[in-house]
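Here the structure is laid out as structure tokens; the discussion comes afterwards.
Side-chain atoms are counted along with the backbone in the values below, which use heavy atoms only and exclude waters and symmetry mates.
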Amino acid sequence: MALDRLSGRDPWSGETLHLEYVDGLISRIERAPGDADLPWISRGLVDLQVNGYAGYDLNGDDLSVDTVRGLREALRRVGVTVFVPTLITASPERNRRALGIVAEARRQDAEVAAAVPFVHLEGPHISDQDGPRGAHDAAFVRPPDLAEFELCQDVSDGLVGLITVSPHWPDSADFIAEVVAAGTRVAVGHTHADGAQIRAAAEAGATLSTHLGNGAHARLPRHPNYLWAQLAEDRLSAGFIADGHHLPADTFVAMVRAKGLDRSFLVSDSVATGGRPPGVYSSSVGGEVELTDDGRLVVRGTPYLAGAAAPLADGVAWAAAAFSLPEALTMAVTTPRRIIDGTDGRLRPGVPVEDVITFGWQPGDRTLAC
């Protein structure tokens, strides 16, 4: 058996880790004093909300198995080794077609299967109000429908692992309880629900909040409102888009402190325009969009965001400036892995080396150099 080695600094302890691996799996980890000349090393980043990136569009008309493969490769180049394909509000037929394609990509490609644990349906059971609805098409917003969920599971071999729901709909709690009982996670998001409805969703089994602080009205009552209600609900872990456009730094810091690191995770919410030069693009999320020089992605001619363009590696660097590198990585590796499979996301024997990244970063950097 061929024995290979990989070395780097542990971001949490500062120690040097010498990894030995055989046949693609870590077999032994040796710890030594930290060496500042070595890159950082960790498990790969985990992104629970990816609509697309680098021209690969999960919500586009031309979605194919090759799209999913290409997206996995593009994300791996920027440090993401596990990602959750996210399908936004669309017709039942379109969602089922997309789910079938992602499922087929996992069947055909072992690397895709390892990188994609499940699919996130971000909608269609969300708010129909301007603001909370975000860039989702109002024509396809509809109430929760258990039969529709079951059809989605049938065509995808049970691949729907997360659904974002606004619990303002009548019978939302019953729908959430049924979906959770079937083994699918439920997130509160794109909502105008009141506090009682949010608490009822958590009681029914909802465990997450989708990109908290976004998908909301531009103006809210000082209190009560649905942001405070989600922040106060300890049964909900919250996702945050840490790109400097979706949340100001002080808002992000306050929200993470309210939730705590063990209930906070970073997402990119990236779309196909991400990773491309500034300019005007046609997008399945938002229609005609403009990517500005500073990385802000908006519906052209408006101030409204149309998803995000930065990869999660940029979000980690931005969050590290607000907190620290270990805390940012906790939100991009440890917490989301626990949500996915209950593990802590740390390096240990048995971990595939394909799931290990090394990267350069120092204070002031705007991304991780993976």
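Partners of Arg106 under the salt bridge (charged side-chain N to carboxylate O under 4.0 Å, His left out) rule, at least two apart in sequence or in another chain, do not exist in this structure. Here Asp62 pairs with nothing under the side chain to side chain donor-acceptor pair (under 3.5 Å) rule; sequence neighbours left out. In this structure, Glu150 has no salt bridge (charged side-chain N to carboxylate O under 4.0 Å, His left out) partners at least two apart in sequence or on a different chain.
Applying the ring pair (Phe, Tyr, Trp, His ring centres under 6.0 Å) test to every pair with at least one member in residues 196-215, sequence neighbours left out, gives these pairs: His190-His211.
Asp145 and Arg142 are not joined by a salt bridge, as no carboxylate oxygen comes within less than 4.0 angstrom of a charged side-chain nitrogen. Between Glu290 and Arg296, no side-chain nitrogen of the basic residue sits less than 4.0 Å from a carboxylate oxygen of the acidic one, so the salt-bridge criterion is not met. A salt bridge does not link Arg9 with Glu15: none of the charged nitrogens is closer than 4.0 Å to a carboxylate oxygen. Taking a cutoff of 4.0 Å between a charged side-chain nitrogen and a carboxylate oxygen, Asp61 and Arg94 qualify as a salt bridge.
In the hydrophobic clustering (ILVMFWY side chains linked at under 4.5 Å, chained through shared members), Val46 is joined by Leu48, Val82, Val84, Phe118, Leu162, Leu208, Ile241, Phe265, Val267, Ile339, Ile340. Grouped with Ile126 in one hydrophobic cluster are Val141, Trp169, the linkage being side-chain heavy-atom contacts under 4.5 Å among Ile, Leu, Val, Met, Phe, Trp and Tyr residues.
Side chains of His192 and Ser166: no donor on one and acceptor on the other come within 3.5 Å. With hydrogens and angles left out, the side-chain atoms of Asp355 and Thr81 include a donor and acceptor closer than 3.5 Å. Counting only N and O atoms by type, the side chains of Ser324 and Glu327 include a donor and acceptor under 3.5 Å apart. Between the side chains of Asp66 and Ser64, no donor-acceptor pair is found at a separation under 3.5 Å. Side-chain contact of Trp361 with Thr367: a donor-acceptor pair under 3.5 Å is absent, judged by distance alone. Using a 3.5 Å distance cut-off with no hydrogens or angles, the side chains of Thr334 and Asp344 do not pair a donor with an acceptor.
A perpendicular orientation is assigned to the rings of His125 and Phe175, their planes being inclined by more than 60° (bins at 30° and 60°).
Using a 4.5 Å cut-off on side-chain heavy atoms (C-beta onward), Val78 and Cys370 make no contact. Side-chain contact between His120 and Arg185 is absent, with no heavy atoms from C-beta onward closer than 4.5 Å. Counting only heavy atoms from C-beta outward, the side chains of Ser209 and Gln230 approach each other to under 4.5 Å. Considering only heavy atoms from C-beta on, Asp157 comes within 4.5 Å of Arg107 through its side chain. In this structure, Leu45 and Val333 have side chains that are in contact, with non-hydrogen atoms separated by less than 4.5 Å. Side-chain contact between Met331 and Phe323: present, with at least one pair of heavy atoms (C-beta onward) separated by less than 4.5 Å. Side-chain contact between Leu236 and Ile198 is present, with at least one heavy-atom pair separated by less than 4.5 Å. Taking 4.5 Å as the limit, some side-chain heavy atom of Arg96 sits within range of a side-chain heavy atom of Glu93.
Other residues, nucleotides and ligands contribute only 12 or fewer heavy atoms inside 6.0 Å of the CD atom of Glu203.
Listed for the Glu20 side chain is no donor-acceptor partner under 3.5 Å among the backbone atoms of Ile26.
Cation-pi geometry between Arg346 and Trp12 is satisfied (NZ or CZ under 6.0 Å from the ring centre, within 45° of the ring normal).
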